[in-house]
Amino acid sequence: MSEQTRRSLTAIVLAAGKGTRMRSDLPKVLHRIAGRSMLGHVLAAAQEAGADRIAVVAEPGRQDVTAEIGRQAPGARVFGQAERLGTAHAVLAARAALEEGDDVVVAFGDTPLITGATLARLRAPLAAGAAVAVLAFESDDPTGYGRVLTEGGRPDGRVLAIREQKDASAAELAVRLCNAGLMALSGEHALGLLTRIRNDNAAGEYYLPDAVALAVADGLDVAMVPVAEAEAQGVNDRVQLAEAEAVIQARLRRAAMLGGATLIAPDTVFLSYDTVLGRDVVVEPHVVFDTGVVVADGCVVHAFAHLKDVRLEASVSIGPFVRLRGGAVLEAGSAIGNFVELKNARLGPGAKAAHLTYLGDAEIGARANIGAGTITCNYDGVSKHRTTIGAGAFIGSNSALVAPVTVGAGAYVASGSVITDAVPEGALAVARGRQATKPGWAEAKRAALLAKKGEVKKA
């Protein structure tokens with residue numbers, strides 16, 4: 001077992017910012033990327049990095065944030081930060097968490113692109129004796145970033161301090177080595193460093209990066225860990241939210257294709273963080289996978305499909321132009337075609353609904369055939385009810401099945417029927433008015449209408 005493995009890790013995630021530039025009533029960290037909140041992405045990275053304990057610093061009274069923390073990281077502790085006096089002040093709001101564990105990693109709820117692997121790399125120098133480790137990157141345009149100052153100005157030089165742009169000299173502003181913000185601290189030194197940080201700077205704030213200069217002054221080792229600039233990006237407005245979405249979508253698409261799925265036009269396919277695509281799945285252009293979707297091997301998802309909370313079993317074909325939601329399940333070899341919607345419905349093996357159909361709260365048996373224009377009338381204005389269609393049943397086009405109702409195995413429902421009572425196995429149900437044909441009626445009607453207007457029909 002490695003030294004790092006034996007060391008415990010506490011992750012502190014700062015999530016109390018209001019995010020005024022988002023221009024939203026929703027807290028910034030709850031804005032979603034690939035179906036998961038930004039805060040959820042960061043909490044997932046902390047867990048992937050092996051955090052034994054997670055502490056989140058949030059605005060007091062935000063039950064929506066607290067609830068999201070509970071969903072994404074059960075067991076995480078929440079600390080309130082009533083005043084916003086800087087990042088070091090925010091970390092100290094979780095002082096009790098700082099007193100636990102060997103290593104501490106500080107992350108931010110609005111940096112959703114950070115990965116668990118990077119957080120693990122960030123803490124690694126602590127096991128080798130460093131008191132502080134910082135993430136850094138070189139930028140062609142460092143404007144707005146804190147600068148990482150090193151001995152001799154060399155990228156590989158010993159780290160001396162981090163200077164915020166507002167406090168930097170002209171020479172320091174020319175430095176292109178930038179602070180990514182995230183930091184790891186040895187549990188042995190964390191409190192001793194953070195409690196000595198002062199706010200004598202241009203912003204009057206307690207800066208977390210000032211821990212670097214304090215550690216250097218104490219003769220402690222400070223490590224610098226490189227990271228790609230894109231991964232370190234924070235999200236402050238809707239433009240940056242869209243940019244982060246693009247990065248995560250690119251990651252998800254790449255992982256799906258390397259895992260054996262074919263995305264014919266990858267840039268038009270949108271995946272959620274939890275989308276599962278099996279081997280030899282083919283996804284045509286303009287498909288959206290919302291959360292909770294599992295697609296088994298050999299499925300084909302045709303163009304313009306929208307899926308949420310759905311499971312497709314092996315060799316299923318869907319679309320084009322379909323919507324599946326609410327726990328829908330398509331068993332092996334089943335198929336639905338264009339303009340079909342399923343909600344909380346299950347199609348048995350080999351069942352088919354080729355087009356223009358709504359199946360809600362329904363159980364469709366194996367090899368059943370659902371004709372065009374069929375709808376299950378599942379809602380009575382107060383409650384939802386279920387429709388059950390047996391194996392091998394045939395539902396004629398333009399039929400309405402008024403739930404709760406059962407159509408037995410092998411039964412037939414005549415086209416245009418409104419079914420309100422159970423149909424026994426093997427029976428035929430016809431529920432429509434008898435056709436009456438009146439020869440010559442149309443011509444007589446037209447003549448009467450024209451005469452009323454004082455017109456004569458032209459030959």
Side-chain angles (χ1 to χ4, degrees), residues 14 33 38 41-42 45-46 48-49 86-88 105-185 201-203 205 207-217 220-237 239-251 254:
L14 307 185
I33 296 174
M38 290 196 287
H41 283 284
V42 178
E48 291 166 12
T87 48
V105 168
V106 179
F108 298 86
D110 61 358
T111 56
L113 303 179
I114 204 71
T115 66
T118 294
L119 293 181
R121 286 195 302 113
L122 177 60
R123 71 174 292 214
L126 303 181
V132 178
V134 297
L135 276 184
F137 58 88
E138 289 202 53
S139 176
D140 293 334
D141 180 11
T143 304
Y145 292 112
R147 308 304 204 274
V148 180
L149 308 181
T150 59
E151 195 169 52
R154 303 188 311 275
D156 59 349
R158 185 169 69 97
V159 177
L160 301 177
I162 294 176
R163 192 83 70 233
E164 295 301 318
Q165 175 155 315
K166 291 180 181 179
D167 304 300
S169 66
E172 291 168 344
L173 288 174
V175 172
R176 294 171 51 212
L177 188 60
C178 300
N179 175 33
L182 288 80
M183 180 179 290
L185 302 102
N201 51 59
E205 294 184 354
Y207 290 143
L208 176 62
D210 286 353
V212 171
L214 290 171
V216 171
L220 301 173
D221 288 336
V222 176
M224 181 172 60
V225 177
V227 67
E229 182 175 359
E231 186 178 343
Q233 292 298 307
V235 172
N236 294 303
D237 56 35
V239 174
Q240 292 174 340
L241 184 71
E243 291 169 350
E245 177 81 49
V247 171
I248 288 185
Q249 287 298 330
R251 291 178 184 174
R254 176 179 172 79

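Keep in mind it's a predicted model, so treat the numbers as computed, not measured. All residue numbers refer to positions in the sequence shown, counting from 1.
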Donor + acceptor pair across side chains of Thr115, Glu231 (<3.5 Å)
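Yes, side-chain donor-acceptor contact under 3.5 Å.
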For [X] and [Y], which heavy atoms make the closest approach, and how far apart are they?
X: Ala161; Y: Val212; answer: CA-CG1, 3.8 Å
X: Val225; Y: Arg121; answer: CG1-NH1, 3.2 Å
X: Gln233; Y: Glu229; answer: NE2-O, 3.1 Å
X: Glu172; Y: Asp167; answer: OE1-O, 4.2 Å
X: Val227; Y: Phe137; answer: O-CB, 3.1 Å
X: Arg163; Y: Leu149; answer: NH2-CD1, 3.6 Å

Are the side chain of [X] and the backbone N or O of [Y] linked by a donor-acceptor pair below 3.5 Å?
X: Asp110; Y: Gly234; value: no
X: Arg251; Y: Leu113; value: yes
X: Gln165; Y: Gly144; value: yes

Report yes if some heavy atom in the side chain of [X] is under 4.5 Å from a heavy atom in the side chain of [Y]; otherwise report no.
X: Glu138; Y: Pro226; answer: no
X: His41; Y: Ile248; answer: yes
X: Val247; Y: Pro112; answer: no
X: Ile33; Y: Leu241; answer: yes

Measure the spacing between [atom1] of [X] and [atom2] of [Y] and express it to the nearest 0.5 Å.
X: Leu208; Y: Met183; atom1: CG; atom2: CE; result: 4.0 Å
X: Ile114; Y: Leu182; atom1: CD1; atom2: CG; result: 5.0 Å
X: Arg147; Y: Thr150; atom1: CZ; atom2: OG1; result: 13.5 Å
X: Glu205; Y: Lys166; atom1: CD; atom2: NZ; result: 7.0 Å
X: Leu119; Y: Glu48; atom1: CG; atom2: CD; result: 9.0 Å
X: Asp156; Y: Met224; atom1: CG; atom2: CE; result: 7.5 Å

side-chain contact (heavy atoms from CB on, under 4.5 Å) assessment of Thr111 paired with Val42:
CA-CA 7 Å; Thr111 56; Val42 178; 4.3 Å; yes
Side-chain donor-acceptor distances from residues 125-134 under 3.5 Å, at least two apart:
none

Distance-only donor-acceptor pairs under 3.5 Å for side chains of residues 173-180, two or more places apart:
{"unit_1": "Arg176", "atom_1": "NE", "unit_2": "Ser139", "atom_2": "O", "d": "3.3"}
{"unit_1": "Arg176", "atom_1": "NH2", "unit_2": "Asp140", "atom_2": "OD1", "d": "3.1"}
{"unit_1": "Asn179", "atom_1": "OD1", "unit_2": "Gly181", "atom_2": "N", "d": "3.0"}

Side chain to side chain donor-acceptor pair (under 3.5 Å) with Asp210: which residues, sequence neighbours excluded?
none
Listed by chain and number, what are the ring pair (Phe, Tyr, Trp, His ring centres under 6.0 Å) partners of Tyr207, not counting sequence neighbours?
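None.
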Of all pairs that satisfy ring-ring contact (aromatic ring centres under 6.0 Å, His included), the ones with a partner from residues 110-129, not counting sequence neighbours
none
Can you list every pair that meets ring-ring contact (aromatic ring centres under 6.0 Å, His included) and has a residue in residues 152-171, with sequence neighbours left out?
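As it turns out, there is no ring-ring contact (aromatic ring centres under 6.0 Å, His included) pair with a partner in residues 152-171 once direct neighbours are skipped.
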